[in-house]
Amino acid sequence: MRSKLEASSLRGQLNSAQYEAVTTHLGPLLVLAGAGTGKTRVITFRIASLLHEGVDPSSILAVTFTNKAAKEMKERVKELLGFHPKGITISTFHSLGVRILRTDSEALGLRTNFTIYDSSDQQSLLRGILRDIRGAVTSSDVRSVQSAISLAKNRFQDSDDLIDEAEDDWEILIARAFARYEEHLFSMNAVDFDDLIRLPVKLFKNNSEIRDKYQGQFRFVMVDEYQDTNGSQYRFTQSLVGAERNICVVGDDDQSIYGFRGAEMDKILKFERDFPGAKVIKLEENYRSTASILSLANRVISENSERYPKELKSTLGVGEPIEWVDTKDEPSEVDYVLRKISEIKRTTKARYEDFVILMRSAFQARPFEEKLRLRQIPYTLVGGQSYYDRKEIKDVLGYWNVLSNPHDDVSFLRIVNTPKRGIGPTAIKKLDTFARSKNISVYESIFFASQGQGDFPPRMRASLKLLAEAFAKARDFKEEEDYGQMCRTLLDEICYKEYLHELYPDPLTVQSRWAAVEELCRGVEKWQEDNPGQSFSRYMEALMLQTQDEQADDDRRGVTLMTLHSAKGLEFPVAFLVGTEEEILPHKKSIEQGDRAVEEERRLLYVGITRAQRRLFIVGAKERKVYGATRVRLPSRFLTEIGDFEHWVKEYYDPDAQVVTGDQTNFFLNQILQQGNQDQ
DNA sequence: GAATCACGCATTTTT
DNA sequence: TGCGTGATTC
């Protein structure tokens with residue numbers, strides 16, 4: 001059998017730009033891969049091609065942002081080669097950072113068994129610090145300090161730098177909080193997510209021996225989604241590249257949508273300056289969307305000033321026209337979308353899975369969810385609040401952590417009074433004292449307390465006993481190694497569902513939160529089926545390492561609802577872009593922040609448009625309730641600014657009756673534009 | 001220790 | 001408008 005990787009065979013499987021990217025192995029290389037141009041294909045072929053040339057797998061490093069991307073890349077390389085290349089590193093920035101620190105962090109005075117603080121651990125720590133410095137603080141203060149610290153870390157600044165730069169009281173407060181925060185982390189032998197990248201860089205800087213070790217190992221470095229790298233990821237990459245300069249970065253400046261998180265897209269724009277003599281290859285042949293969809297995408301994005309000029313070319317036909325409709329209000333926006341879905345479903349072979357409803361902000365999903373439920377149309381909501389930050393997930397995982405590890409006092413203290421069972425600060429103090437005196441964990445102490453030991457008031461003792469019994473019942477199933485039953489029993493015993501009902505009066509909210517809990521339970525059962533004989537602790541470990549997107553893929557049923565951010569990299573035959581109005585897209589905050597932020601919003605629209613393969617619907621409302629009050633809405637500037645509407649617009653929708661087309665559409669839009677001008 | 005009230009605020013999100 | 005937080009009160 002002739003290898004798929006022989007040069008002659010490669011030419012048949014790749015277009016000429018792709019071929020060149022795949023076969024350029026030496027020196028700096030920038031691949032500008034527009035949406036749908038076969039980016040992943042290029043990366044995987046390139047890795048396979050390097051290996052085919054005899055490059056040692058352990059000298060190849062491919063870095064991605066998400067676990068999902070890393071996993072996909074591994075699978076596709078394996079598929080291409082027919083085996084998994086032993087020793088190759090395909091990993092996320094963060095797990096690579098963890099790996100380096102677990103090996104070498106002692107050079108920084110950090111013990112290698114450090115713990116990693118997640119965003120909510122970070123918040124509670126900061127809340128305490130801020131309260132200490134300034135007294136009362138709001139949660140938005142906490143968040144804003146958190147993000148300031150994170151941005152500073154990613155710019156590679158420390159608290160001293162912030163103090164030097166501080167111009168007002170608020171900035172001084174941030175700097176002081178930052179200093180205290182770092183002290184706390186250090187004394188607890190903990191790091192946060194930003195440190196996972198920043199500390200390895202520091203390590204390399206301080207210790208050239210360690211740096212040389214990694215540089216010597218990774219002779220071929222590849223970075224995916226390069227437009228999303230932030231300052232410290234950039235330095236991290238730079239410091240991994242040795243004198244051979246075999247670095248290949250792949251990305252699309254037009255899809256840089258994480259600026260708010262510190263991503264600096266000028267890094268991709270300045271790659272040629274960083275690596276003089278770099279080869280730049282543009283992938284512009286799009287295999288995903290019809291020509292009319294791409295012409296709109298090209299037109300929209302060409303309004304941006306900061307970008308590499310490029311244009312997506314369709315390999316498919318013109319396709320059907322894009323429909324841009326302006327509905328009366330939010331309910332009719334929802335109606336319109338659902339009607340179109342059923343219409344397309346009726347007239348074509350489309351399944352619900354072929355549709356996606358894309359929105360700028362997660363809250364826009366609400367009315368769609370309600371009506372989809374009402375009509376009993378299956379749907380999956382992706383994104384929104386981070387899965388592991390959701391209260392119900394944190395609660396449940398807290399319980400399970402305790403089951404898995406009775407010594408995990410942090411988890412135990414998190415759940416000891418959730419649901420409320422009358423174990424407040426005083427009870428906890430007593431428990432803690434008791435546990436210390438007996439030299440046992442706090443969790444273990446509740447069993448002694450419920451048997452009458454220690455000094456506890458009767459009511460408190462009764463509450464502790466109930467909790468102890470709940471755990472005892474669950475543990476019976478643990479001995480039988482029926483983990484699913486164990487988890488369900490525990491939740492049952494503590495009346496968790498009832499607790500959710502108390503907490504959230506809205507049955508819809510309860511339903512979705514409880515569904516998430518159910519999903520966790522099913523996950524346990526499925527895992528146990530797949531991994532018979534493994535301990536529950538192993539399951540918890542696996543769970544903590546995976547993220548939501550991995551599990552979401554298989555479970556995606558029905559119509560997909562998601563934010564534009566989480567849609568990047570995906571494609572759907574039919575896409576609805578909803579809420580395409582001023583102050584939603586572009587978002588109000590971005591308008592206030594200025595041109596740079598608005599350009600990022602425009603890229604967000606570009607990402608949205610390029611998700612569609614065959615049909616694209618752009619939908620907005622003429623009025624909408626905003627924080628309770630009904631407001632008149634204007635269409636997004638990104639659509640009105642490009643003019644030449646008839647090219648794309650097929651119909652103008654009015655729920656009250658007639659479909660208006662052609663000139664009248666133009667007339668309506670012109671009117672709006674004039675209104676807009678008068679306002680100024 | 002828990003219930004109640006009033007207030008302030010309101011993106012996007014991975015690890 | 002509705003949620004979550006913090007302070008106040010029982």
Side-chain angles (χ1 to χ4, degrees), chain A residues 63-70 91-98 116-119 121-123 127 131 135-144 147 150 154 191-198 225 228-230 232-233 256-263 358-364 366 382-389 391 417 419-428 457 459-460 463 502-506 509 544-550 562-569 579 583-593 597 600-601 603-604 607-608 624-631:
Chain A
V63 205
T64 63
F65 278 83
T66 64
N67 288 315
K68 188 179 164 192
S91 116
T92 63
F93 271 109
H94 295 272
S95 26
L96 179 62
V98 172
I116 302 167
Y117 264 35
D118 74 8
S119 156
D121 297 325
Q122 226 177 335
Q123 273 177 25
R127 175 167 291 126
R131 212 171 285 176
V137 282
T138 68
S139 56
S140 99
D141 286 342
V142 175
R143 257 182 325 211
S144 118
S147 108
S150 172
N154 287 324
V191 300
D192 61 25
F193 280 123
D194 298 319
D195 288 336
L196 295 178
I197 318 291
R198 193 182 67 134
E225 304 279 13
D228 289 336
T229 48
N230 65 32
S232 60
Q233 284 160 338
S256 166
I257 54 175
Y258 285 103
F260 70 93
R261 226 164 55 187
L358 296 166
M359 48 213 119
R360 168 69 241 257
S361 302
F363 72 85
Q364 293 173 257
R366 207 61 196 285
V382 181
Q385 208 189 357
S386 167
Y387 188 70
Y388 291 99
D389 268 352
K391 175 173 165 49
N417 202 30
K420 295 263 181 297
R421 53 172 73 89
I423 306 177
T426 21
I428 289 170
R459 272 177 65 177
M460 193 182 286
S463 307
E502 272 170 45
L503 218 54
Y504 308 103
D506 173 17
T509 313
M544 297 319 286
L545 288 174
Q546 84 175 4
T547 52
Q548 52 185 340
D549 49 32
E550 289 174 64
M562 63 177 153
T563 63
L564 291 164
H565 283 89
S566 37
K568 194 165 76 165
E583 305 200 332
I584 291 185
L585 183 66
H587 193 279
K588 197 173 178 196
K589 281 261 162 66
S590 302
I591 298 171
E592 285 160 12
Q593 281 162 28
E600 179 152 316
E601 299 280 311
R603 292 193 289 273
L604 220 31
V607 167
R624 187 186 292 273
K625 279 197 171 177
V626 183
Y627 303 135
T630 302
R631 290 278 171 79

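So that the names make sense, note that chain A is the first sequence line, chain B the second, and so on, each numbered from 1.
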Just the endpoints, please: which first and last nucleotides of DNA chain C, 5' to 3', lie under 4.0 Å from a heavy atom of chain A? C:dT1 to C:dA7

Starting from C1' on B:dA10, measure out to CD1 on A:Ile584 and report it in whole angstrom. 13 Å

Is there a donor-acceptor contact under 3.5 Å from the side chain of A:Thr92 to the main chain of A:Ser95? yes

Integer-rounded Å distance: B:dT12 C1' and A:Ile591 CD1: 14 Å

Answer yes or no as to whether B:dT15 has its base stacked against A:His94, where stacking requires a ring-centre separation under 5.5 angstrom and planes under 30 degrees apart. no

According to a strict under-4.0 Å criterion, is A:Ser140 in side-chain N/O contact with OP1 or OP2 of B:dG8? no

Heavy-atom donor-acceptor pair, A:Asp195 side chain to A:Arg198 backbone, under 3.5 Å: no

Closest of B:dT13, B:dT15, B:dT11 to the A:Asn67 side chain is B:dT15

What is the distance from CD1 of A:Ile197 to C1' of B:dT14, rounded to the nearest Å? 11 Å

Rounded distance (Å) that lies between atom P of B:dT13 and atom CG of A:Asn230: 17 Å

Heavy-atom distance under 4.5 Å between the side chains of A:Leu585 and A:Glu601, does that happen here? yes

Determine whether A:His565 and A:Phe260 make a side-chain contact, defined as any pair of heavy atoms from C-beta on separated by less than 4.5 Å. yes

Can you check the A:Glu225 CD to B:dT14 C1' distance for me, whole Å? 12 Å

A:Lys568/A:Glu225 ion pair, N-O < 4.0 Å: yes

Answer whether the closest heavy-atom distance between the side chains of A:Ile423 and A:Met460 falls below 4.5 Å. no

Look at all strands and tell whether A:Tyr627 reaches a base, only sugar-phosphate, or nothing, counting heavy atoms closer than 4.0 Å. base

Under 4.0 Å, heavy atoms only, any strand: does A:Ala629 hit a base, just the sugar-phosphate, or nothing? nothing

Under 4.0 Å between any heavy atoms, over every strand shown, what does A:Gln593 touch: base, sugar-phosphate, or nothing? Just pick one. base

With a 4.5 Å heavy-atom cut-off, do A:Ile257 and A:Val607 have their side chains touching? yes

Separation of atom CZ in A:Arg143 from atom P in B:dT12, rounded to whole Å: 10 Å

Choose from B:dG1, B:dT15, B:dT11 the nucleotide whose nearest atom is closest to any side-chain atom of A:Thr92. B:dT15

note: A:Ile257, atom CD1; B:dT11, atom P; distance rounded to Å ~ 17 Å

Using the six-membered base ring of B:dT12, report whether A:Phe260 stacks on it, requiring centroids under 5.5 Å and planes under 30° apart. yes

Could you check A:Leu564 against A:Asn417 and say which one's nearest nucleotide on DNA chain B is further toward the 5' end? A:Asn417

Residue A:Lys589, side-chain atoms from C-beta onward, closest of B:dT15, B:dA10, B:dT12: B:dA10

Judged by nearest nucleotide, the residue sitting upstream toward the 5' end of DNA chain B, A:Met460 or A:His587, is A:Met460

Using atom P of each nucleotide, how far apart are B:dT13 and C:dG2 to the nearest Å? 22 Å

With the side chain of A:Thr66 defined as its heavy atoms from C-beta on, choose the nearest nucleotide among B:dT13, B:dT15, B:dT12. B:dT15

Salt-bridge criterion met for A:Arg603 and A:Glu600 (N-O under 4.0 Å): yes

Between P on B:dT11 and CE on A:Met359, what's the gap in Å once rounded to a whole number? 15 Å

